[in-house]
Number of protein chains: 2
Amino acid sequence: MKAMKYSRQRESIKEFLEGRTDHPTADMIYMNIRKLYPNISLGTVYRNLSLLVSIGEISKIAGTDGAERFDPNTKPHYHFVCRECGCVQDISLEPVKALDGLAAEGFDGSIEGHTTLFYGTCSECKKKLLDKPIAL
Amino acid sequence: MKAMKYSRQRESIKEFLEGRTDHPTADMIYMNIRKLYPNISLGTVYRNLSLLVSIGEISKIAGTDGAERFDPNTKPHYHFVCRECGCVQDISLEPVKALDGLAAEGFDGSIEGHTTLFYGTCSECKKKLLDKPIAL
DNA sequence: ATAAAAACGATAATCACTATCGTTTTTATT
DNA sequence: AATAAAAACGATAGTGATTATCGTTTTTAT
């Protein structure tokens, strides 16, 4: 009933995301795709991003302040967000499924999973903070 | 330099939140406070909520879709969000601080903590889903 | 080659939230 | 109690991310 048709815009969005680990926002993706398709619309970027998410080809990272971020890696994994610069990075820790069981104890609903966002200071910002003189 | 002055609007917001475990949004709080102060402004609600958060009297729950939610419980704890109705509930599991150490392994930034949001179906919605006939 | 419908670009609308600003309250000091 | 500085207010405009609308263009099965 709703067969998906090919679109080069969607293809280029997927290609742009492929291999990336910086989890860009819709706007960052828009800015970059515009170099290839100068009159692509921001709405088209949003439409295709949610389309790609809905068919499971990319995933969306929620919980980060401001804009949503997109990830070509669809396997569940944890993320880290830097409190200094706001950058988002992958955490190479296998999701701790045991947490779901622990959380389910004494809980009357059913728990299907969890999302975890670690926060702190990324290595880049740690360096910068060391170089910076102490503020008075 | 910036002494905080009393305000009944702020007081009533704090009182409204006190004892609640449904984690209302700013708008839900606004709707309720209006019964007591019919011409309170939504801006006043937002201003006081962030003020109360900044002095540590209440806390803000991020990561839930749409609007931010507020919690009178300032001790760090996990939350659950229902995928059916969107309600947010407390999880009575002590934050697993060991996760931070695990995540830090092989990570070059520094991890200060994490937020975790469990998802699934709340008990209310489980009941409703059982009563509902299977869709064709 | 045709035509149905999916996707497009442009743009308006929505939603949650923040900022501005003139007026009202609070509160420390007379 | 009167005063006055500043914090807080209500009304409202503005912002930023996202979604909806709509007439036109592309895709694709026939």
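Treat the numbers as computed from the prediction; the structure is a model and nothing was measured. Heavy atoms only: backbone and side chains are in, while hydrogens, waters and symmetry mates are out. Throughout, protein chains are lettered first and strands after them, A, B, ... in sequence-line order, and every chain is numbered starting at 1.
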Could you tell me which residues satisfy side-chain contact (heavy atoms from CB on, under 4.5 Å) with [X], sequence neighbours excluded, listed by chain and number?
| X | result |
| --- | --- |
| B/Asp131 | none |
| A/Pro76 | A/Pro95 |
| A/Lys14 | A/Glu18, A/Leu52, A/Glu57 |
| B/Ser7 | B/Gln9, B/Arg10, B/Asn48 |

Got a sec, which residues hit salt bridge (Lys or Arg N to Asp or Glu O under 4.0 Å) with A/Lys126, two or more places apart in sequence or on another chain?
none
Nearest whole angstrom, please: distance from the [atom2] of [N] to the [atom1] of [X].
| X | N | atom1 | atom2 | result |
| --- | --- | --- | --- | --- |
| B/Glu11 | D/dA7 | CD | C1' | 16 Å |
| B/Tyr30 | C/dA16 | OH | P | 13 Å |
| A/Lys14 | C/dA7 | NZ | P | 15 Å |
| B/Ile40 | D/dC9 | CD1 | P | 7 Å |
| B/Leu52 | D/dA7 | CG | P | 17 Å |
| A/Arg10 | C/dC8 | CZ | C1' | 11 Å |
| A/Leu51 | C/dA5 | CG | P | 18 Å |

For B/Ser12, side-chain hydrogen bond (donor to acceptor under 3.5 Å, both in side chains) partners two or more places apart
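Testing B/Ser12 for side-chain hydrogen bond (donor to acceptor under 3.5 Å, both in side chains), a comparison that skips the adjacent residues, returns none.
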Any residue meeting side-chain hydrogen bond (donor to acceptor under 3.5 Å, both in side chains) with B/Glu84, in chain and number order, not counting sequence neighbours:
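If we apply the side-chain hydrogen bond (donor to acceptor under 3.5 Å, both in side chains) test to B/Glu84, skipping adjacent residues, there are no hits.
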5'-most by nearest nucleotide on DNA chain C - B/Ser50 or A/Tyr37
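Nearest-nucleotide comparison on DNA chain C picks A/Tyr37.
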Tell me, please, which residues at least two apart from A/Phe80 pass ring-ring contact (aromatic ring centres under 6.0 Å, His included).
B/Phe107
B/His23: which residues meet the ring-ring contact (aromatic ring centres under 6.0 Å, His included) condition with it, sequence neighbours left out?
B/His79
Between [X] and [N], is there a contact of a side-chain N or O with OP1 or OP2 at under 4.0 Å?
| X | N | value |
| --- | --- | --- |
| B/Thr44 | D/dG10 | yes |
| B/Tyr46 | C/dC17 | yes |
| B/Asn48 | D/dC9 | yes |

Sugar-phosphate atoms are those with a prime plus P, OP1 and OP2; base atoms are the rest. Using that split, label each nucleotide of nucleotides 19-30 of chain C B, S or - for protein heavy atoms under 4.0 Å, 5' to 3'.
------SBS---
More than 12 non-hydrogen atoms from neighbouring residues, nucleotides or ligands closer than 6.0 Å to CD on B/Glu112, yes or no?
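More than 12 within 6.0 Å, yes.
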Which heavy atom of B/Phe16 sits nearest to which heavy atom of B/Ile33, and what is that distance?
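Looking at all heavy atoms of both residues, the closest pair is CB-CD1, 3.7 Å.
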Which is true for B/Asp27 with a 4.0 Å heavy-atom rule: it touches a base, it touches only sugar-phosphate, or it touches nothing?
nothing
With a 4.0 Å cut-off on heavy atoms, is A/Leu42 in touch with a base, just the backbone sugar-phosphate, or nothing at all?
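It contacts base atoms.
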DNA chain D contacts among residues 63-71 of chain B, heavy-atom distance under 4.0 Å
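Correct list: empty, so none.
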Intra- and interstrand pairs of DNA chain D - dot-bracket, Watson-Crick/G-U under 3.5 Å, | marks other strand
||||||||||||||||||||||||||||||
